[in-house]
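All residue numbers in this chain count up from 1 along the given sequence. The figures here come from the full heavy-atom set of this structure, side chains too, leaving out hydrogens, waters and symmetry mates.
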Amino acid sequence: DSELGAVLRMVPRERAASDESLLPEEELPPVFLWEPLPNDKLGHGTHLPQSRGYHSAVFCKEESKIYMFGGITNRDTNDELAVLDTTTWTWTLPACEGTPPCARFGHSATIVGRRMVVVGGCRDGNDLLRSGTDLCDVHVLELDELR
């Protein structure tokens with residue numbers, strides 16, 4: 001049972017194993033380890049997206065794909081959509097039809113069913129110091145329509 005106001009103490013495993021007031025080592029939760037994916041693991045012949053920051057990235061479980069949109073590249077806003085297939089680790093830059101969102105950064109995105117929804121953000125800026133124009137719009141990408 002946990003109590004309201006309980007304090008979580010983070011200690012090295014070495015100390016945790018010897019401190020009687022803490023859980024025994026075999027009862028500690030697993031350690032999660034970040035591991036970078038080397039560039040040579042990315043599928044050959046794929047179209048790598050531009051490096052960027054302040055973009056959105058959403059995961060579609062049904063397809064095992066990550067959809068990455070917008071952000072800032074080389075201090076300019078970006079409207080590129082890139083898709084990473086996590087089963088083959090290959091990138092694609094799909095052709096989209098319709099009216100895409102304008103280049104933007106600092107926006108939000110989510111997956112709703114078979115759609116990617118992009119909301120708000122900032123355009124015409126080059127940093128998060130609010131140098132651009134704030135957006136209050138919503139765009140929907142039908143994932144089944146991508147080629």
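The distance from the CG atom of Leu93 to the CG atom of Leu81 is 8.0 Å, given to the nearest 0.5 Å. One distance of note links CZ of Arg104 with CG of Asp124; it measures 11.0 Å at 0.5 Å rounding. Here the CD1 atom belonging to Ile66 is positioned 12.0 Å from the OG atom belonging to Ser56, to the nearest 0.5 angstrom. Here the OG1-OH distance, from Thr73 to Tyr54, works out to 13.0 Å after rounding to the nearest 0.5 Å. Note that CG of Leu48 and OG1 of Thr92 are 11.0 Å apart. Values are rounded to the nearest 0.5 Å. Distance NZ/Lys65 to CZ/Phe59: 11.0 Å, rounded to 0.5 Å.
The minimum heavy-atom distance between Arg52 and Gln50, with the atom names listed, is NE-O, 3.2 Å. Minimum heavy-atom separation, His107 to Gly70: CE1-CA, 4.1 Å. Thr87 and Ser64 get closest at one heavy-atom pair: CG2-CB, 3.8 Å. Listed here is the closest heavy atom pair of Phe69 and His55: O-CB, 3.4 Å. The minimum heavy-atom distance between Leu146 and Ala95, with the atom names listed, is CD2-O, 4.3 Å. Contact record, Tyr67 with Cys60: CE1-CB, 3.8 Å, taken as the closest heavy-atom pair.
In the hydrophobic clustering of ILVMFWY residues, with side-chain heavy atoms under 4.5 Å counting as a link, Leu141 and Ile111 come out together. Note on Val112: it does not cluster hydrophobically with Val58, by side-chain heavy-atom contacts below 4.5 Å among ILVMFWY residues. Hydrophobic clustering, with ILVMFWY side chains joined whenever heavy atoms are under 4.5 angstrom apart, keeps Val119 apart from Met116.
Under a 4.0 Å N-O distance rule, the pair Arg114/Glu63 qualifies as a salt bridge. Between Arg123 and Asp137 no salt bridge is recorded (no basic side-chain N to carboxylate O distance below 4.0 Å).
In this structure, the side chains of Trp89 and Leu84 come closer than 4.5 Å at one or more pairs of heavy atoms. Between Pro101 and Leu135 the shortest side-chain heavy-atom distance does not fall below 4.5 Å.
Annotation for Asn74: atom CG does not count as buried by contact number, only 12 or fewer foreign heavy atoms lying within 6.0 Å. Heavy-atom contacts from other residues, nucleotides or ligands closer than 6.0 Å to CZ of Arg115 number 12 or fewer.
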